[in-house]
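Predicted model only: the values in this text are computed from it and were never measured.
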Amino acid sequence: MKDVYIMGIESSCDETSVAIVKNGRDVLSNIINSQINIHEKFGGVVPEIASRCHVEVINGIMKEALKEANLEVNQIDGIAVTYGPGLVGALLVGVSYAKALSFATGIPLIPTNHIAGHISANYITHKDLEPPFLCLIVSGGHTHLVNVKSYTKFEILGKTRDDAIGEAFDKVARVVGLGYPGGPKVDKLAKEGKPNIELPLAKIDNLDFSFSGIKTAVINLNHKNPNMNKADLCASFQKAVTEMLLRNVIKSIDTYKVDKISLAGGVSSNSYIRAEFDKFGKERNIKILYPELKLCTDNAAMIAAQGYYNFIEGIRGDLNLNAIPNLKLN
Ligand code: KG4
Ligand code: ZN
């Protein structure tokens with residue numbers, strides 16, 4: 001069978017990325033331009049600035065992705081672009097660029113869901129992984145437990161009722177004075193602390209999650225006692241959110257009788273979460289899979305990987321394709 005080369009374009013938040021992936025699994029290039037340094041001084045992503053930065057760099061990044069893959073644009077079989085969920089202005093840059101490139105070259109346009117892309121990062125790292133499997137998506141905007149029924153069909157089993165887990169990490173980091181982006185900083189500081197502070201876990205009887213109670217408890221503790229050991233606070237926060245995640249994973253494994261579960265999204269690079277999931281996997285004889293670290297946070301290779309499976313399924317977009325900031329996973 002002829003090889004299929006998909007170009008992925010990602011601009012849903014503060015990373016501009018273009019990648020070329022062969023047959024959904026082999027990354028030929030994955031150029032990522034992070035705007036973290038620009039947003040850092042504002043303590044979070046400023047949507048208008050993010051859009052402008054995407055516009056400035058996207059064309060150069062596309063050219064770099066082709067060059068690194070050693071391909072000409074006419075060798076590309078499909079252009080997969082993130083059209084949601086994400087920041088509307090940021091998404092529009094990638095969508096408009098992909099539409100223009102598709103129109104100019106005649107290469108098919110493939111609308112791709114960002115969350116599905118996070119799941120597909122696992123296909124790149126684990127070459128034999130095939131649906132069905134369960135995936136826990138833990139990112140800055142989402143916390144979903146998903147039954148991946150096929151490459152393009154998903155059933156959401158549970159989701160957060162309030163904050164996304166990454167949002168809670170970022171807020172805790174800001175409150176204890178670590179700055180943005182918070183997740184990696186909390187991860188690092190927690191290594192120096194002990195998880196010796198009891199934090200409240202919301203009681204939920206289905207497979208949903210809740211992180212705002214844990215987050216608020218950390219904020220209040222820090223406020224009441226500014227001299228509190230920040231490393232212990234971070235370690236305790238990580239322990240509590242990991243317990244919240246594992247609680248539902250345990251329930252879903254028993255219900256769905258699965259022998260493997262994958263994680264995806266920026267927070268899946270957290271070292272404590274990985275260690276606890278690995279321990280759990282060993283105890284219960286469940287295979288725990290993660291994308292390699294570079295593929296956990298936003299990147300276009302994951303969009304190209306998902307785009308490949310969308311392409312095979314015949315999913316196509318046209319010039320009417322629009323950005324959908326609150327796009328759902330179907
Ligand atoms: O998946 P992602 O890059 O973007 C979204 O689609 O949201 O996730 C970004 C989130 C941020 O909240 C960031 O703080 C968090 O992932 N993150 C981490 C770590 N690395 C990134 N959270 C905890 N520990 C980490 N090591
Ligand atoms: Zn993401």
Side-chain angles (χ1 to χ4, degrees), residues 5-21 24-25 27-36 38-39 45 47 49-66 68-69 76 78-102 107 109-125 137 139-142 166 181 264-266 268-269 291-311 315 317 321-327 329:
Y5 297 96
I6 301 293
M7 175 184 283
I9 299 179
E10 159 64 36
S11 71
S12 66
C13 191
D14 60 343
E15 263 97 23
T16 322
S17 180
V18 180
I20 316 286
V21 172
R25 306 261 176 172
V27 180
L28 305 187
S29 62
N30 185 22
I31 314 295
I32 305 168
N33 180 70
S34 173
Q35 305 171 2
I36 279 178
I38 298 163
H39 298 288
V45 178
I49 295 176
S51 313
R52 288 186 202 192
C53 291
H54 288 310
V55 172
E56 279 167 21
V57 301
I58 196 164
N59 196 43
I61 288 182
M62 192 282 285
K63 287 184 177 158
E64 210 180 321
L66 280 173
E68 196 174 303
I76 300 296
I79 301 166
V81 64
T82 302
Y83 73 113
L87 301 169
V88 67
L91 286 165
L92 272 171
V93 177
V95 169
S96 309
Y97 187 84
K99 286 201 289 194
L101 190 61
S102 166
I107 300 168
L109 184 66
I110 313 164
T112 302
N113 182 307
H114 181 81
I115 306 294
H118 273 301
I119 297 172
S120 287
N122 280 287
Y123 300 135
I124 297 171
T125 303
I137 297 133
S139 76
H142 300 86
S268 69
S269 44
E292 64 197 85
L293 287 178
K294 195 186 172 190
L295 298 175
C296 287
T297 43
D298 291 349
N299 69 88
M302 69 186 201
I303 301 304
Q306 178 61 37
Y308 168 80
Y309 292 105
N310 289 354
F311 181 76
I315 295 168
L321 182 68
N322 206 350
I324 305 181
N326 57 355
L327 182 69
L329 194 62

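The distance from the NE2 atom of His142 to the NE2 atom of His114 is 8.0 Å, given to the nearest 0.5 Å. Between Leu321 atom CG and Ser96 atom OG the span is 9.0 Å, to the nearest 0.5 Å. Atom OG of Ser120 sits about 11.5 Å away from atom CD1 of Ile115, to the nearest 0.5 Å. Considering CG of Leu295 and CE of Met302, their distance stands at 9.0 Å, rounded to 0.5 Å. Between Ile38 atom CD1 and Ile49 atom CD1 the span is 8.0 Å, to the nearest 0.5 Å.
Of the possible donor and acceptor atoms, one in the side chain of Ser269 sits under 3.5 Å from a partner among the backbone N and O of Gly266. A donor-acceptor pair is defined here as one N or O able to donate and one able to accept, closer than 3.5 Å; no such pair exists between the side chain of Ser11 and the backbone of Ile9. The closest donor-acceptor contact from the side chain of Asn30 to the backbone of Ala301 lies under 3.5 Å. In this structure, Thr82 contributes its side chain and Thr112 its backbone to no donor-acceptor pair below 3.5 Å. Here the side chain of Arg25 pairs a donor or acceptor atom with the backbone of Tyr123 at under 3.5 angstrom. Remark: side-chain polar atoms of Asp298 are not paired, donor with acceptor, to backbone N or O of Asp14 under 3.5 angstrom.
Closest approach of Lys99 to Leu109, counting heavy atoms only: CG-CD2, 3.7 Å. Contact between Ala98 and Ile79 at its shortest, heavy atoms only, is CB-CG2, 3.9 Å. Pairing each heavy atom of Ser12 with each of Ala90, the nearest pair is O-CB, 3.8 Å. The two residues Asn59 and Tyr97 have their closest heavy-atom pair at OD1-OH, 2.5 Å. The shortest heavy-atom contact between Ala69 and Leu28 is CB-CB, 3.7 Å. The two atoms that bring Ile110 and Gly78 nearest to each other are CD1-CA, 3.8 Å, heavy atoms only.
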Show your working on side-chain contact (heavy atoms from CB on, under 4.5 Å) between Asn310 and Asn113 and close with a plain yes or no. CA-CA 10 Å; Asn310 289 354; Asn113 182 307; over 6 Å; no

Verdict with supporting geometry, His39 and Val45, side-chain contact (heavy atoms from CB on, under 4.5 Å): CA-CA 5 Å; His39 298 288; Val45 178; 3.9 Å; yes

Checking side-chain contact (heavy atoms from CB on, under 4.5 Å) for the pair Leu101/Met7: CA distance, chi angles, key distance, verdict? CA-CA 11 Å; Leu101 190 61; Met7 175 184 283; 3.8 Å; yes

CA sep, side-chain torsions, deciding dist, call: Val21, Tyr308, side-chain contact (heavy atoms from CB on, under 4.5 Å): CA-CA 8 Å; Val21 172; Tyr308 168 80; 6.0 Å; no

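Neither side chain, Asn33 nor His54, offers a donor N or O lying under 3.5 Å from an acceptor on the other. In this model, no donor atom of one side chain and acceptor atom of the other lie less than 3.5 Å apart for Ser17 and Glu10.
Shown here is Arg52, whose CZ atom has no more than 12 heavy atoms of other residues, nucleotides or ligands within 6.0 Å.
For the pair Ile32/Lys294, a side-chain contact is recorded, criterion being any heavy-atom separation below 4.5 Å from C-beta on. For the pair Leu66 and Ile76, the minimum side-chain heavy-atom distance is below 4.5 Å. Two residues are said to be in side-chain contact when any heavy atoms from C-beta on lie closer than 4.5 Å; Asn322 and Leu92 meet this criterion. Considering only heavy atoms from C-beta on, Ile119 comes within 4.5 Å of Ile137 through its side chain. Thr16 places a side-chain heavy atom less than 4.5 Å from the side chain of Gln35.
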